[in-house]
Number of protein chains: 2
Amino acid sequence: MPRAVTLKDIARETGVHVSTVSRALDPRARDSLTVEVVKKVNETAQRLGYRPNRLAAGLRTKRTRTVGLIIPDITNPLFPPIVRGVESILEPLGYVSIIVNTDGRQDRERSQMQVLLEHGVDGVVHAAMERDASHYTDLQDRNVPIVTVNRRLDVDGLPSVVNDDAEGIHEMFRLLYEAGHRRIAHIAGPPTISTGVERLAAFREAAKAFGVSVPDAYIVESEKFLFEEGHRCAAKLMALADPPTAILAANDGLALGAIQLLRDRGLGCPEDVSVTGFNNSDVLSLVPPGLTTVGVDKTGIGKASATLLISRIDNPEDPETPHLVQPIEVVIRGSIAPPPRAGRQDPL
Amino acid sequence: MPRAVTLKDIARETGVHVSTVSRALDPRARDSLTVEVVKKVNETAQRLGYRPNRLAAGLRTKRTRTVGLIIPDITNPLFPPIVRGVESILEPLGYVSIIVNTDGRQDRERSQMQVLLEHGVDGVVHAAMERDASHYTDLQDRNVPIVTVNRRLDVDGLPSVVNDDAEGIHEMFRLLYEAGHRRIAHIAGPPTISTGVERLAAFREAAKAFGVSVPDAYIVESEKFLFEEGHRCAAKLMALADPPTAILAANDGLALGAIQLLRDRGLGCPEDVSVTGFNNSDVLSLVPPGLTTVGVDKTGIGKASATLLISRIDNPEDPETPHLVQPIEVVIRGSIAPPPRAGRQDPL
DNA sequence: CTGTTAGCGCCTTCAT
DNA sequence: ATGAAGGCGCTAACAG
């Protein structure tokens with residue numbers, strides 16, 4: 001069990017002092033040294049297989065090259081690409097990420113932040129879905145930079161990166177409108193989730209923008225962003241005396257559930273009812289009829305948030321708190337068609 | 001920017017020495033102290049919001065309560081549940097995980113291990129897919145315990161946790177056999193991937209066990225575990241003079257690609273050709289006809305590997321290197337039917 | 001039962 | 001241009 005090589009070992013080997021070794025290995029301090037010394041030190045470091053002890057360095061410098069990544073649940077397909085995006089920026093810079101899952105629970109969020117603090121993270125990327133403004137006080141007290149990704153906070157002062165949800169909803173609405181639909185319903189996300197309320201608000205905006213009136217009954221709130229909920233909510237919609245000819249769902253899962261409900265009722269998508277989703281989940285191309293949806297750049301928001309975080313870490317005094325909005329992409333598949341004739345005969 | 005509270009602060013506040021504070025906070029050393037002192041120290045620690053500095057402690061004790069998690073790509077749906085499983089065990093024990101992605105590249109695996117070492121991880125869980133036995137020498141030299149998960153290594157000496165691939169393939173074969181199939185083909189995984197060769201070997205075993213002879217042309221090797229490859233390989237199979245009546249694919253993606261090929265050719269699954277997969281990916285229930293497949297307990301292997309790792313960390317002298325095999329589950333959906341009449345008329 | 005001492009590995013003045 | 005010395009926060013002998 002050969003002990004790890006330390007500066008001291010290199011010092012002994014080369015005959016110079018430890019602090020000289022430290023300087024020779026530090027690109028920023030290197031030039032105050034003889035080229036020969038630098039060369040010899042680096043060579044022996046190489047030869048002995050020296051690896052800096054980040055703990056010791058961190059203890060001294062208060063910089064650990066570690067960042068915390070707080071996410072609700074890595075199992076939710078939304079987050080792995082974000083994580084990958086973050087790492088694609090951080091890793092080349094020599095940072096490692098400590099990932100913690102919170103399941104969206106405030107108590108866990110709090111305690112996990114403490115854990116990150118204990119490990120001396122240089123910064124934190126917080127990916128979340130809940131709407132509540134979490135208590136970042138501990139981090140801010142300790143002056144640890146934090147960036148939120150994937151949701152805009154109610155209360156603010158922190159940099160954030162989000163997708164352009166409003167634009168995505170607007171474009172889905174436009175597609176339905178231009179196909180001829182006027183009876184357009186919305187299966188909304190849970191009111192506790194940030195994207196749930198954002199997309200609902202955007203839906204209302206879009207309806208107004210296109211001059212389409214939406215009866216209250218055309219807006220159904222789901223309890224979770226899941227297939228089953230889409231199914232349940234679509235059932236409520238299709239049970240109306242005046243059912244919609246199109247359903248704009250707040251995400252893909254809800255949309256797929258809605259399509260299933262239609263099928264159960266003997267209705268076809270898109271012939272009888274058009275449906276749209278949000279997120280462009282990987283599997284969509286496989287499941288008929290192919291959901292028209294909003295593609296979001298998950299890796300992109302991850303990258304952007306990491307870039308933002310690094311700039312905060314490197315310039316702690318910079319007072320800016322940018323709010324980045326990542327553009328979305330319209331993904332057209334087969335789930336939209338003009339409304340059926342019966343639909344057209346109804347008075348607008 | 002209030003500096004973090006340290007032992008020294010508590011010492012000053014309570015009037016006892018730093019080392020006494022340290023002891024009072026350590027459950028194992030606590031009982032050599034007066035209850036009053038312990039009480040007072042803990043109260044003030046609480047009041048001041050003391051959080052131990054893990055870096056400093058780690059520098060002293062060589063234990064950081066940090067483990068490394070090496071995976072090819074968190075974006076591959078196979079890994080998030082494993083990660084979650086690992087964390088479900090580690091987090092309650094006070095460990096955090098540093099996750100690094102390697103894209104399965106040896107050079108990155110090597111360099112990332114160095115990075116983990118620099119950060120003083122107490123152990124490493126290595127999830128991998130490639131067959132090559134990686135060089136764990138650096139870790140082993142430093143006496144850092146390591147557990148591999150999701151693949152068995154060619155060369156060994158390390159504890160590992162894998163799924164019971166052989167059993168899964170055997171069961172799929174049985175299902176097909178019992179439905180009446182005798183012309184059963186295999187779309188194999190890439191030969192560079194551990195599960196690829198394992199499942200191919202298991203397929204040959206199963207065929208032998210059931211007394212079914214498999215022509216060479218009935219085994220097609222894919223280059224990646226992907227839909228497109230399943231499509232391509234199935235095309236080769238169905239172009240044979242004597243095409244199979246059943247396709248046992250090495251994973252779900254390949255199976256779905258095969259089903260798509262059948263559809264392209266105007267053939268139905270399961271009426272014309274039966275198909276089976278492996279992994280029980282989340283989406284399968286949504287895509288017709290519902291793939292019959294092998295369910296693997298990803299969270300379970302994650303948990304098992306973490307448990308194994310902890311026991312290695314706690315008992316470094318223990319010479320055992322267990323190889324755990326996690327049981328699989330047969331998931332029956334609609335993709336198997338008896339072979340069509342035409343198939344039966346062929347000579348066996 | 002508690003204080004003293006030393007040092008983990010590194011960086012950073014301060015001297016020379 | 002390099003060495004000496006101190007200390008980051010914590011723990012672990014060793015004293016007493």
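Residue numbers begin at 1 in each chain, while the letters A, B, ... track the order of the sequences. Quantities reported herein were computed from a predicted structural model and do not represent experimental measurements.
When side chains are defined from C-beta on, B:L33 counts as touching B:T20, because their heavy atoms get closer than 4.5 Å.
With respect to the salt-bridge test (charged N to carboxylate O, under 4.0 angstrom), the residues B:K303 and B:D297 do not qualify. Between B:D103 and B:R105 there is no salt bridge, since no side-chain N of the basic residue sits under 4.0 Å from a carboxylate O of the acidic one.
A search for side-chain contact (heavy atoms from CB on, under 4.5 Å) contacts involving A:A4 returns B:R142, not counting sequence neighbours. Partners of A:P145 under the side-chain contact (heavy atoms from CB on, under 4.5 Å) rule, at least two apart in sequence or in another chain, are A:L309, A:R312, A:I313.
Summarising the geometry, the separation between OH on B:Y50 and C1' on D:dT11 is reported as 11 Å, rounded to the nearest angstrom. As a whole-Å value, the separation of A:L55 CG from D:dG9 C1' is 12 Å. A:R63 places its CZ atom 11 Å from the P atom of C:dT12, with the value rounded to the nearest Å. In this structure, the CZ atom of A:R142 is 10 Å from the P atom of D:dG9, given to the nearest Å.
The stretch residues 90-101 of chain B participates, sequence neighbours left out, in these salt bridge (Lys or Arg N to Asp or Glu O under 4.0 Å) pairs: A:R108-B:E91. Here salt bridge (Lys or Arg N to Asp or Glu O under 4.0 Å) pairs that include residues 56-77 of chain B, with residues two or more places apart or in two chains, are A:R84-B:D73, B:R63-B:D122, B:R63-B:D314.
Here the side chain of B:H119 pairs no donor or acceptor atom with the backbone of B:V121 at under 3.5 angstrom.
DNA chain C is contacted by no residue of residues 24-43 of chain A, taking any non-hydrogen atom closer than 4.0 Å.
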So if I define the base as every atom that isn't primed, P, OP1 or OP2, how would nucleotides 3-8 of chain C read as a B/S/- string at a heavy-atom cutoff under 4.0 Å? BBBBBB
